[in-house]
Amino acid sequence: MYEAIWNMIYPKCCPVCFEILDDQRMLVCGECSKRLKLVEQPYCFCCGKPLLSEEQEYCYDCVKQKHVFDRGFSILEYDAASAPSILAIKYKNKREFLTLYGELARRQYRDLLLQLKLECIVPVPISRKKYRIRGYNQAELFAREIEKWSGIPIKKNLIWRMKETAPLKELNPMQRKQELDKAFDWKGREYEGEKTILLVDDIYTSGATVDACAGILKQHGIKKVYVLTMAIGRGDS
């Protein structure tokens, strides 16, 4: 009853087209659910980018470089449908949109993540400056959605972001790697425990950010680092 009254006062909007949902029980409108491209097989055996051919095991990026993380998965293809939604979460405080991504993650990867016997979820940290401006870390909020249905606890204090970095989308892969050098550090000084973790972030582009985080985690005893992101680019071009 209270939820129905709340929805009348503050009706939910579709996370893709931003229009008020006709059916407030839905997470996305019918038309936009058709526009979203779920990441399905075939996808890169390393980073999870969608591929055109089932005969292709790895995307072009993963053929050329070895990643620090063990394997990556993503929910949606990063395109004209998903990009505005994720950017609205990141920059316009549309945190409520994360409910959709949490549910899509559950539908696609629940069984797989449980099979991996993950011991904790680690959100990619943002800088203190960005946190002060936004008031939240979108990766941490995404991790909370996964925690709700998986029961896997979040450990957000294992690594921290030491420095502000330039916008990575404006840099080539080598520049990204250099920019992220020493951007993260270990925070769990006397921490002993989890050896298999899930690292979560919003968008996977080149893998430089999650590689930097995975490197710190593995330096301090973490054996396996899997990655889950909300969206990823294609790997067949």
Side-chain angles (χ1 to χ4, degrees), residues 39 41-49 51 57-59 61-75 101-102 105-106 108-126 137-163 165 168 173 176-232 235:
V39 173
Q41 292 282 9
Y43 53 76
C44 177
F45 191 75
C46 180
C47 73
K49 286 182 179 179
L51 303 171
E57 293 185 350
Y58 299 96
C59 70
D61 287 341
C62 291
V63 168
K64 292 186 294 184
Q65 64 171 324
K66 181 175 175 59
H67 289 291
V68 181
F69 64 88
D70 292 275
R71 194 171 181 187
F73 308 94
S74 197
I75 301 169
Y101 293 91
R106 184 190 68 79
Q108 285 175 264
Y109 296 116
R110 178 184 179 277
D111 292 344
L112 175 61
L113 295 184
L114 294 180
Q115 288 172 12
L116 294 175
K117 299 190 182 302
L118 299 161
E119 295 165 283
C120 73
I121 303 170
V122 176
V124 170
I126 61 174
N137 174 5
Q138 68 280 355
E140 181 184 336
L141 297 181
F142 178 43
R144 296 285 176 202
E145 295 296 325
I146 299 170
E147 182 185 44
K148 288 177 185 178
W149 52 259
S150 70
I152 304 168
I154 293 173
K155 299 285 186 183
K156 64 177 183 178
N157 294 321
L158 293 189
I159 53 176
W160 66 291
R161 197 159 194 144
M162 296 171 56
K163 67 176 185 179
T165 53
L168 299 182
R176 288 176 181 174
K177 187 174 182 180
Q178 293 172 344
E179 185 68 19
L180 288 164
D181 183 41
K182 298 181 181 178
F184 301 95
D185 198 7
W186 180 251
K187 196 173 182 180
R189 298 302 175 189
E190 298 178 359
Y191 184 80
E192 294 182 5
E194 283 74 15
K195 302 300 180 184
T196 304
I197 67 132
L198 180 69
L199 188 66
V200 301
D201 204 3
D202 49 10
I203 303 166
Y204 182 104
T205 306
S206 68
T209 299
V210 289
D211 269 337
C213 292
I216 297 296
L217 291 164
K218 291 197 171 185
Q219 286 174 24
H220 291 85
I222 306 299
K223 300 300 182 184
K224 293 284 186 179
V225 178
Y226 297 96
V227 174
L228 177 63
T229 56
M230 294 160 62
I232 194 169

Return the orientation label for the Trp186 and His220 ring planes: parallel under 30°, perpendicular over 60°, tilted otherwise.
-> parallel
Mind checking side-chain contact (heavy atoms from CB on, under 4.5 Å) for Gln115 and listing every partner two or more places apart, or none if nothing turns up?
-> Asp111, Leu112
Which heavy-atom pair separates Leu51 from Tyr43 by the least distance, and what is that distance?
-> CD1-C, 3.8 Å
Supply the atom-to-atom distance His67 NE2 to Cys46 SG, rounded to the nearest 0.5 angstrom.
-> 5.0 Å
Are Val68 and Val225 close enough, and set up right, to give a side chain to side chain contact (heavy atoms under 4.5 Å, CB included), and what steps lead you there?
-> CA-CA 8 Å; Val68 181; Val225 178; over 6 Å; no
Within 6.0 angstrom of Lys218 NZ, more than 12 heavy atoms from elsewhere = yes
Please answer whether the main-chain N or O of Thr229 pairs with a side-chain N or O of Asp201 as donor and acceptor at a distance below 3.5 Å.
-> no
Spatial distance of atom CD1 (Ile121) from atom CZ (Phe142) [nearest 0.5 Å] | 9.0 Å
Residues at least two apart in sequence or cross-chain that pass salt bridge (Lys or Arg N to Asp or Glu O under 4.0 Å) with Glu145, listed by chain then number, are Lys148
Derivation of the side chain to side chain contact (heavy atoms under 4.5 Å, CB included) call for Val124 and Leu199 = CA-CA 7 Å; Val124 170; Leu199 188 66; 4.0 Å; yes
Stepwise side chain to side chain contact (heavy atoms under 4.5 Å, CB included) test for Leu198 and Ser150 | CA-CA 12 Å; Leu198 180 69; Ser150 70; over 6 Å; no
dist Ile222:CD1 -> Ile159:CD1 (nearest 0.5 Å) comes out at 9.5 Å
Measure the spacing between CD1 of Ile152 and CD1 of Ile197 and express it to the nearest 0.5 Å.
-> 11.0 Å
Could you tell me the separation between the OG1 atom of Thr196 and the CG atom of Leu116, rounded to the nearest 0.5 Å?
-> 8.5 Å
Return the minimal non-hydrogen interatomic distance between Tyr58 and Cys44, and the atom names on each side.
-> CA-SG, 3.7 Å
What pair of heavy atoms forms the shortest contact from Asp202 to Gln138, and how long is it?
-> OD2-NE2, 3.0 Å
Minimum heavy-atom distance Ala105-Leu228, with the two atoms named = CB-CD2, 4.4 Å
Stepwise, does the side chain to side chain contact (heavy atoms under 4.5 Å, CB included) test hold for Phe73 with Val39?
-> CA-CA 8 Å; Phe73 308 94; Val39 173; over 6 Å; no
Between Asp61 and Lys49 the two heavy atoms that sit nearest each other are OD2-NZ, 2.8 Å
Does Arg71 use its side chain to pair, donor to acceptor, with the backbone of Phe45 at less than 3.5 Å?
-> yes
Any idea which heavy atoms bring Pro125 and Asn137 closest together, and the distance?
-> CA-ND2, 3.8 Å
Short question: side chain of Gln108, backbone of Ile75 - any donor-acceptor pair under 3.5 Å?
-> yes
Check whether any side-chain N or O of Ser74 sits under 3.5 Å from a backbone N or O of Ala231 as a donor-acceptor pair, and report yes or no.
-> yes
Quick check: does any side chain N or O of Lys187 sit under 3.5 Å from a backbone N or O of Arg161, one acting as donor and the other as acceptor?
-> no
Rounded to the nearest 0.5 Å, how far apart are OG1 of Thr209 and CZ of Phe69?
-> 11.0 Å
Heavy-atom donor-acceptor pair, Asp70 side chain to Tyr226 backbone, under 3.5 Å = no
